[in-house]
Amino acid sequence: MLRKIVDYKKLDHTVAAKLIESYPHGYGDGDIIIFKNSKGESIEAVEVKTEEIVYMVRISKSLSNFIANFDEIIEKELETSASINLEDVEETE
């Protein structure tokens, strides 16, 4: 199975939703995986599995905020997307 190291900001909506589903109340010490990357740097991450890929989502202070505020973030993105789409529609009479 393919493994990818990724920052949560680069997750698509499907994987981000899977992250929230996996850690609905945040993650704890037991959820954190520590490993070294190809440069020998220590990386702390949480694991999110899909059918084809195991994502190692890097832990940062903002990841905790993202998990806590996921519903609000998605709602804002949907509102922005909807307003952009409405602006693209031409008026006809």
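Given the structure is predicted, the values throughout are model-derived calculations rather than measurements.
Residues passing the side chain to side chain contact (heavy atoms under 4.5 Å, CB included) test with Lys39 are Asn37, Glu41, sequence neighbours excluded. Take Thr14 and apply the side chain to side chain donor-acceptor pair (under 3.5 Å) test, not counting sequence neighbours, and it matches no residue. Here Lys49 pairs with Glu47 under the salt bridge (charged side-chain N to carboxylate O under 4.0 Å, His left out) rule; sequence neighbours left out. Evaluation of the side chain to side chain contact (heavy atoms under 4.5 Å, CB included) rule for Asp29 yields Ile32 as partners, not counting sequence neighbours. Applying the salt bridge (charged side-chain N to carboxylate O under 4.0 Å, His left out) rule to Lys18 yields the partners Glu21; only residues at least two apart in sequence or on another chain are considered. Scored by the side chain to side chain donor-acceptor pair (under 3.5 Å) test, Asp31 finds no partners at all (sequence neighbours excluded). Every side chain to side chain contact (heavy atoms under 4.5 Å, CB included) that Ile53 has, sequence neighbours left out, goes to Leu2, Lys4, Thr50, Tyr55. Not counting sequence neighbours, Glu44 has no partner by the salt bridge (charged side-chain N to carboxylate O under 4.0 Å, His left out) test.
Connection of Val54 to Phe35 is established within a shared hydrophobic cluster, with ILVMFWY side chains joined at heavy-atom distances below 4.5 Å, either directly or through further cluster members. Transitive grouping of hydrophobic side chains (ILVMFWY, heavy atoms separated by less than 4.5 Å) keeps Met1 and Val48 in distinct clusters.
The shortest side-chain heavy-atom distance between Ile33 and Met56 falls under the 4.5 Å cut-off.
Nearest heavy-atom pair across Asp12 and Val15 is OD1-N, 2.8 Å.
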